[in-house]
Student: 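Shown below is the structure under consideration.
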Amino acid sequence: MKKLCLLAVILFAAVTVQAQDVVKFAPLDASPVDISYFPNKAVKFKKTDTPSPSIKVTYARPSVKGRVIFGDLIKYGEVWRVGANENTEIKFYKPATINGVAVPAGTYSLFAIPEKDKWTIIINKELDLWGGYAYDESKDLVRVSVPVKPVSTIIEALSIAFTTQGAVTNLVIGWDKTTVELPITIK
């Protein structure tokens with residue numbers, strides 16, 4: 001009887017180990033997800049060492065890979081999710097003001113309509129979308145036109161960062177040979 005129980009345990013263990021080998025994990029995504037915080041590095045320290053974050057942007061980072069980005073891959077005049085895969089989300093931990101519009105603390109989608117010389121940056125109330133395919137303009141909270149600032153060195157992977165100028169925080173989006181800045185005032 002002991003031998004039969006031991007055999008049953010060994011067979012169960014063998015089947016369990018073999019079942020684990022069946023799991024196939026997805027390969028690394030071509031556009032990995034990243035997060036940008038303001039203040040920069042806010043979450044990399046203990047809460048008592050630095051202020052907690054005021055803004056967090058979660059986005060996928062596609063790469064140029066030798067392609068023509070703006071005007072070709074990303075069409076001028078069309079809504080873009082500011083990234084790849086799921087739409088980019090921006091979380092305000094504190095109330096903010098963008099272009100004179102009050103933005104309550106909360107999480108929103110970040111979209112853009114790129115043009116050659118300017119972009120329309122959009123803060124939208126709808127979340128959990130895949131790209132800009134189900135974008136609903138009626139859910140826009142803020143729309144701001146910002147100028148394009150060309151750069152001479154290619155920014156290979158879409159990047160989002162923050163800079164400050166006095167009391168204004170700039171959300172900076174850069175990709176390929178293009179950057180734009182969205183001025184934000186945190187209350």
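Note: hydrogens, waters and symmetry copies are ignored here, and every other heavy atom, side chains too, is used. Everything numeric here is computed off the predicted structure, so don't read it as measured data.
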Student: I need the L127 CG to K125 NZ distance, nearest 0.5 Å.
Tutor: 11.5 Å

Student: Is S36 reaching over with its side chain to a backbone N or O of I160, donor-acceptor style, under 3.5 angstrom?
Tutor: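 A pair under 3.5 Å: yes.
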
Student: Mind running side-chain contact (heavy atoms from CB on, under 4.5 Å) on T169 and L171 for me, showing each step along the way?
Tutor: CA-CA 7 Å; T169 299; L171 180 142; over 6 Å; no

Student: Rounded to the nearest 0.5 Å, what separates atom NZ in K56 from atom NZ in K91?
Tutor: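 One gets 5.5 Å once the value is rounded to the nearest 0.5 Å.
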
Student: Scan the side chains in residues 152-159 for donor-acceptor partners under 3.5 Å anywhere in the protein, sequence neighbours excluded, and list what turns up.
Tutor:
residue: E156; atom: OE2; partner: V64; partner atom: N; Å: 3.1
residue: E156; atom: OE2; partner: K65; partner atom: N; Å: 2.8
residue: S159; atom: OG; partner: R61; partner atom: NH2; Å: 2.7
residue: S159; atom: OG; partner: A157; partner atom: O; Å: 2.9

Student: Could you check if a side-chain atom of I123 sits within less than 4.5 angstrom of a side-chain atom of L110, using non-hydrogen atoms only?
Tutor: yes

Student: Check the hydrophobic clustering (I, L, V, M, F, W, Y; side-chain heavy atoms under 4.5 Å; chains of links allowed) and say if I113 and I74 are grouped together.
Tutor: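 In one cluster with I113: I74, no.
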
Student: Quick one: pull up OG1 in T163 and CG in N170 and give me the separation to the nearest 0.5 Å.
Tutor: 4.0 Å

Student: Among Y59, Y133, W119, find the residue that satisfies the ring pair (Phe, Tyr, Trp, His ring centres under 6.0 Å) test when tested with W80.
Tutor: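 Going through Y59, Y133, W119 one by one, the ring pair (Phe, Tyr, Trp, His ring centres under 6.0 Å) with W80 is satisfied by W119 alone.
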
Student: Under 4.5 Å between side-chain heavy atoms, counting indirect links through other Ile/Leu/Val/Met/Phe/Trp/Tyr residues: same cluster for F92 and V168 or not?
Tutor: no

Student: With a 4.5 Å heavy-atom cut-off, do S54 and K94 have their side chains touching?
Tutor: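 Of all side-chain heavy-atom pairs linking K94 with S54, at least one is under 4.5 Å.
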
Student: What's the verdict on side-chain contact (heavy atoms from CB on, under 4.5 Å) for I122 and V142, showing C-alpha distance, side-chain angles and the deciding distance?
Tutor: CA-CA 6 Å; I122 303 164; V142 179; over 6 Å; no

Student: Near K116 NZ, under 6.0 Å, is it more than 12 heavy atoms from other residues, nucleotides or ligands?
Tutor: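 Open.
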
Student: Does any non-hydrogen side-chain atom of L129 lie less than 4.5 Å from one of R81?
Tutor: no

Student: Measuring from K187:NZ to T185:OG1, what's the distance to the nearest 0.5 Å?
Tutor: 9.5 Å

Student: Where the side chain of N124 meets the backbone of E126, is there a donor-acceptor pair that is under 3.5 Å apart?
Tutor: yes

Student: Taking atom types as modelled, find out whether D136 and S138 have a side-chain donor-acceptor pair closer than 3.5 angstrom.
Tutor: yes

Student: Measure from the side-chain N and O atoms of Y135 to the backbone N and O of V79, and report whether any donor-acceptor pair falls under 3.5 Å.
Tutor: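 A pair under 3.5 Å: no.
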
Student: How many angstroms lie between atom CG of L182 and atom OG of S145, to the nearest 0.5 angstrom?
Tutor: 11.0 Å

Student: Test T58 against I35 for side-chain contact (heavy atoms from CB on, under 4.5 Å), laying out the working first.
Tutor: CA-CA 5 Å; T58 306; I35 300 173; 3.9 Å; yes

Student: Could you label the plane-to-plane angle of the F38 and F162 rings as parallel, tilted or perpendicular, counting under 30° as parallel and over 60° as perpendicular?
Tutor: tilted

Student: About how many Å separate CD of E115 and OG1 of T120, when rounded to the nearest 0.5 Å?
Tutor: 7.0 Å

Student: Looking only at heavy atoms, which two atoms of A112 and I121 are closest? And how far apart?
Tutor: CB-CD1, 4.1 Å

Student: For residues 95-106, dump all side-chain donor-acceptor pairs below 3.5 Å to protein atoms at least two apart in sequence or in another chain.
Tutor:
none

Student: Could you go step by step and tell me if V82 and V57 meet the side-chain contact (heavy atoms from CB on, under 4.5 Å) rule?
Tutor: CA-CA 11 Å; V82 186; V57 179; over 6 Å; no

Student: How far apart are the closest heavy atoms of S31 and A60, and which atoms are they?
Tutor: O-CB, 3.6 Å

Student: Take the angle between the ring planes of W175 and F70 and call it parallel below 30°, perpendicular above 60°, tilted in between.
Tutor: perpendicular

Student: Do V148 and V180 have side chains that get closer than 4.5 Å, going by heavy atoms?
Tutor: yes

Student: Out of curiosity, does V172 fall in the hydrophobic cluster containing F111 (side-chain heavy atoms, cut-off under 4.5 Å, transitive links)?
Tutor: no

